[in-house]
Amino acid sequence: MEKGEGEGLQTLAIVLLLCGALKLLHTLGLISTEDKLDDDLELSIVCHRPEGLEQLEAQTNFNKKELQVLYRGFKNECPSGVVNEETFKQIYSQFFPHGDASTYAHYLFNAFDSSHNGSIKFEDFVTALSILLRGTTTEKLEWTFNLYDINRDGYINKEEMMDIVKAIYDMMGRFTYPALKTDTPKQHVDAFFQKMDKNRDGVVTLDEFIVSCTEDENIMRSLQLFENVI
Amino acid sequence: MAAGVATWLPFARAAAVGWLPLAKKTMPKPPIDKKNRNDEILFVNVSGLRFQTWKNTLDRYPDTLLGSSEKEFFYNEDTQEYFFDRDPEMFRHILNFYRTGRLHYPRQECIQAFDEELAFYGIVPDIIGDCCMEEYRDRKKENQERLAVDTEAEMATDTPLPPHSTHRERLWRAFENPHTSTMALVFYYVTGFFIAVSVIANVVETVPCRPLKGSKKDLPCGEKYSLAFFCMDTACVLIFTFEYLMRLFAAPSRCKFMRSVMSVIDVVAIMPYYIGLVMPENEDVSGAFVTLRVFRVFRIFKFSRHSQGLRILGYTLKSCASELGFLLFSLTMAIIIFATVMFYAEKGTKGTNFTSIPASFWYTIVTMTTLGYGDMVPNTIAGKIFGSICSLSGVLVIALPVPVIVSNFSRIYHQNQRADKMRAQQKVRLARIRLAKKGTTNAFLQYKEEGGFHDRDHDGALCLKNRSSFEHQHHHLLHCLEKTTNHEFTDELTFSEMCMTESVGYRTSRSTSISSQQGVSTSCCPRRAKRRAIRLANSTVSVSRGSVQELDTLHVHKTTIRPQSRSSLNARTEDLKLNCDDRDFTAAIISIPTPPANTPDESLPPSPAIPGILRNSRSSSFTHETVKISSL
């Protein structure tokens, strides 16, 4: 009977349609069946050991005991020996619960990660700390310049400065006194450039930066404050 | 903040150098760290197992025992270590908490032991890490349920009635525990019998009986013997009403009773009868009335008072409410989907049963539960395919929540089994405890008998048995108490003798004591007292033996320990160490609050029936328990 055939064809068509739809969804990744867990496990087994204690002592301005204390804390938090950006952001954000510290942490991470491979090893960590805490004024200011110079072209322009200043203001959060206005960062950046940019060419070079900072007594005085953090 | 993060604070502070060029003002001065920053290793000795850790590790959590100065109390100068007399296995986990910032719950440990250790070290259990939190919560809930069942079992059933309970309390108790008296048991069985009779009558009255003479149609028995059934129904309802009213009268909290499930069932069971009486024999109304008679079947639920299994079932269903809800929800979803599909698949067929989607619901339900009545079948191929998918999925959907319900039922059932076992073991336990307690009191009385109070210098050849210094000090303490209150300890036997022989005189103290607002009625023998026994801090018996002290006889009063203290005794069964309050003794001193000591004799009117002198023992002011004594 034609009616039966017609029905049979209808049914076949419906079933094929359903299967096709499922396959499409599967390929689109909306339905996934494999485990993604195994991939993640692979990544975290990477381990790194730092150089010897004597070498680090020679390279930095810390003594053995201080290095020991630092390493213990570092290893506790990151047993695999390296810090990736996510962990770094998490750790840093815990110190600033009011606002969003992730942007600034991102810039910090880039400043610490001297080898630019996306992870901070203990050596990088200790080297940077050594500069920040025990280094000369020039070294500290150089480090700060590297922090501000996001694209590492040797110049700080207004956009980079805006990013940095906005990131810092983000860490304050919303509830501040007096309330943050939208052009507060811009004013801050303008003031900065007013002070730092000697030849008014719109960018700040390393020398301009160092010279301007050395002239400013406040900055000089503040730089000495962090000597005994460890 | 997590402990480990604290070690990164120096780094965060160092990174602040990056803000300096932007700062418009000077930075504030950093705090000066006067503490000795040098980290040192501490030794912690826990029952012989030596642990070592950095001091900084312990300092991470300053609000715990190990992190605060509280640990100095445990410092042993000679060995230069901190000594704790606790479980060393558990300490491992505690120390790991300091090291890693996460507290883990060891699965093989008892939950109560773990909780006690945490409490000792000042750690809040909420800190338990996510990995172990679920297990901890489950075990804790299980333990609490178990304890709740235990206390319920203790408090409810077998403790004897307090002697001065009213009729109401006794009635309530008889209703709740039929085993306590024969009358209650008889009533219990009678009600059970009548429930059964009522249910059977309801069932039988619809059975077709042989028709009356002259008519051909079969009559249901209910209409043939309507008078008989009516009488039976009336009798049952009378009994049920009587029972309900008695329960209502006896209930300690009527509102709560009226809201309980069983009382609602009772009401629903008897209401139709009364409504039927009240309503006229009207044709229009009788339709609704007939519906009401359906509720008579609820009388079968009254059996749940008589059967524990029913109660367990009900409780299980209640506790599995969420799983049942999920089951229902998923079934409904599946039914709607498949009904729609079937309807559209069968739409073309002539004379089909699938006239609408709601009509297809019936087919879907019957298929999914694998009943398959066959009153509706699909004719098209598509319909048959989807019908088979429907029945396969029905099996799956129903099979999923069922194990959850089953495991819940099994857990509750086992708990109930345990409760029954516990009740049986309890009697033995109580007997043992009573024996132990008597042992202690007897020890003291024996000590007195042997003249332990006299000086050792007496050459009375007092061969005191070998007693530990603890016992000596304890007996001395009891002796001090006797001297303070001018009463003496004695045992039950002697006391009941005195009760029988002395005449009863009771006196009440009208005044309120300094700190407690307890009035006291004293009577020698509780059975004769009209008033309720007031709970006192100490239960009392004290009668002077006569010979030892200068007091002749004393009017005393005996109450039994309140039932709650019995369960607290059970909670610390082995704890026969005595605290300063002598709660553990069956024989102790009464405290009768009396007017303050500076108005000694005139305050209470001397009872004319009792000659003698009112003497106020001048106890020291710290016991606000002065006792009025009169001598016969």
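Below, read A as the first sequence line, B as the second, and so on, with proteins coming before strands; counting in each chain starts at 1. All values reported here derive from a predicted model rather than from experimental measurement. All values below were derived from every heavy atom in this structure, side-chain atoms included, with hydrogens, water molecules and symmetry-related copies excluded.
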**Item:** Heavy-atom closest contact (A15(B) atom, L108(A) atom, distance)
**Value:** CB-CD1, 3.7 Å
**Asked** Going by residue number, which parts of residues 212-222 of chain A are within reach of chain B, meaning a heavy-atom gap below 4.5 Å?
**Response** C213(A), N218(A), I219(A), R221(A), S222(A)
**Request:** Can you tell which part of W54(B) gets under 4.5 Å to a heavy atom of chain A, answering side chain, backbone, both or neither?
**Result:** side chain
**Message:** Looking at every heavy atom in both A14(B) and L133(A), which two are closest together, and how far apart are they?
**Reply:** CB-CD2, 3.6 Å
**Prompt:** Taking atom OH of Y155(A) as the centre, does the number of heavy atoms from other residues, nucleotides or ligands within less than 6.0 Å exceed 12?
**Reply:** no
**Request:** Counting only heavy atoms closer than 4.5 Å, note whether V83(A) contacts chain B via side chain, backbone, both or neither.
**Result:** side chain
**Prompt:** Does atom CZ of R50(B) have more than 12 heavy-atom neighbours, drawn from other residues, nucleotides or ligands, at distances under 6.0 Å?
**Reply:** yes
**Complete:** If one checks every heavy atom of L223(A) against chain B at 4.5 Å, the contacting part turns out to be both
**Under 4.5 Å from any heavy atom of chain B - which part of Y107(A)** = neither
**Item:** Where at least one partner belongs to residues 124-136 of chain B, residue pairs that pass salt bridge (Lys or Arg N to Asp or Glu O under 4.0 Å), sequence neighbours excluded
**Value:** R107(B)-E135(B), E135(B)-R139(B)
Which atom pairs, one a donor and one an acceptor, fall under 3.5 Å between side chains of residues 359-367 of chain B and the rest of the protein, sequence neighbours left out?
| unit_1 | atom_1 | unit_2 | atom_2 | d |
| --- | --- | --- | --- | --- |
| S360(B) | OG | S356(B) | O | 2.9 |
| W362(B) | NE1 | D375(B) | OD2 | 2.9 |
| T364(B) | OG1 | S360(B) | O | 2.7 |
| T367(B) | OG1 | Y363(B) | O | 2.6 |

**Prompt:** Which atoms form the tightest heavy-atom contact between F96(A) and W19(B), and what is the distance?
**Reply:** CZ-CH2, 3.9 Å
**Request:** Could you look at F112(A) and say if it's the side chain, the backbone, both or neither that has a heavy atom under 4.5 Å from chain B?
**Result:** side chain
**Between F192(A), W143(A), Y104(A), F209(A), the one whose heavy-atom pairs under 4.5 Å with chain B are most numerous** = Y104(A)
**Request:** Check whether more than 12 heavy atoms from other residues, nucleotides or ligands sit under 6.0 Å from atom CZ of R102(B), and answer yes or no.
**Result:** no
**Asked** Should we say atom NZ of K198(A) is surrounded by more than 12 heavy atoms from elsewhere, each under 6.0 Å from it?
**Response** yes
**Request:** Would you mind listing every salt bridge (Lys or Arg N to Asp or Glu O under 4.0 Å) that reaches into residues 184-193 of chain A, with sequence neighbours excluded?
**Result:** K158(A)-D190(A), K186(A)-D190(A)
